[in-house]
Amino acid sequence: MSLQLRVYVPDHPLVKHWLAIARDKNTPTPLFKTAMKELGKWLTYEASRYWLPTLEAAVETPVAPAPVTLIHPQAEIVAIPILRAGLSLLEGAQEAITTNSVYHLGYKRNEETLKPSCYLNNLPEEFSEETRVLLLDPMLATGGTIMAAMAEIIKRGVNPANVRIVATVAAPPALKALSETYEGLQVYTAIIDQELNEQGYIVPGLGDAGDRTFGTN
Ligand code: URA
């Protein structure tokens, strides 16, 4: 398998539909939240393919024995939403897969420097190298936040090849930064937009994902 960054944009009508709802500036907050939940669900569904460890077993149906495949009971699967906006993807992600734990990382963007500063980190001191991490951040723009979050996770022992980033909109600066640093990482996003504006917002993007999720501005 190639060790390059892989970016998947699922060609699925449900992903396209909910992205359209999320992009529309006239979408009210409750429907925006639904759109992000749905995107979290379907993108996590795609991201979990070939990623969840499985176990071959056998069960008895009411009729006969049958070979089955189960999610491995000892699999360590954690979700890490990046606050605030990553919370919008968490509920849907957890409809798609069962996680052992949810750890929170909170970053706030300094609107002048555009640099992220961490205000919450409840990650454990160490993860096992086998831990699968679902990292939730809807907007991969300059890459500052996702790179800071990745650094915190990787320094605690996670293998980048076991990380799946689920985003809603991704832009080239963030994807470039990730690809230059992390071999084998995989990103799942509903769309790749080409541009950022002077404020670091993705164009056309969907605006401020945190504000739109929580009805603030
Ligand atoms: N964060 C957002 O919420 N939106 C953007 O366009 C970029 C970063």
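We count ligands from 1, going down the list as the structure has it; atoms in each ligand are counted the same way. Everything numeric here is computed off the predicted structure, so don't read it as measured data.
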**OP:** List the steps and the verdict of side chain to side chain contact (heavy atoms under 4.5 Å, CB included) for T142 and L196.
**Re:** CA-CA 8 Å; T142 62; L196 302 185; 3.9 Å; yes

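The G207 neighbourhood of ligand 1 comprises atoms 2 (C), 3 (O), 4 (N), 5 (C), 6 (O), with distances under 4.0 Å to a heavy atom of that residue. Within ligand 1, the atoms closer than 4.0 Å to a non-hydrogen atom of A209 are 2 (C), 3 (O), numbered from 1 in the order shown. Every atom of ligand 1 is numbered from 1 in the order shown, and the set under 4.0 Å from a heavy atom of G200 is 7 (C).
Q194 places none of its side-chain heavy atoms less than 4.5 Å from the side chain of V203.
Between W42 and E38, the side chains place a donor N or O and an acceptor N or O closer than 3.5 Å (distance only, hydrogens not considered).
The shortest separation from a heavy atom of P138 to ligand 1 is not under 4.0 Å, leaving the residue out of contact.
Between the side chain of T213 and the main chain of A85, no donor-acceptor pair closer than 3.5 Å is present.
Of the protein's non-hydrogen atoms, M139 CB, 3.7 Å is the one closest to atom 1 (N) of ligand 1. For atom 5 (C) of ligand 1, the closest non-hydrogen atom of the protein is Y201 CD2, 3.4 Å. The single protein non-hydrogen atom nearest to atom 6 (O) of ligand 1 is I202 N, 2.8 Å, given as residue, atom name and distance.
Ion pair R212/D24 not flagged as a salt bridge, since none of the NZ, NE, NH1 or NH2 atoms sits closer than 4.0 Å to an Asp/Glu carboxylate oxygen. Between E95 and K41 there is a salt bridge, with a side-chain nitrogen of the basic residue lying less than 4.0 Å from a carboxylate oxygen of the acidic one.
Where the criterion is an N or O separation shorter than 3.5 Å, residue side chain and backbone included, A141 fails it with respect to ligand 1.
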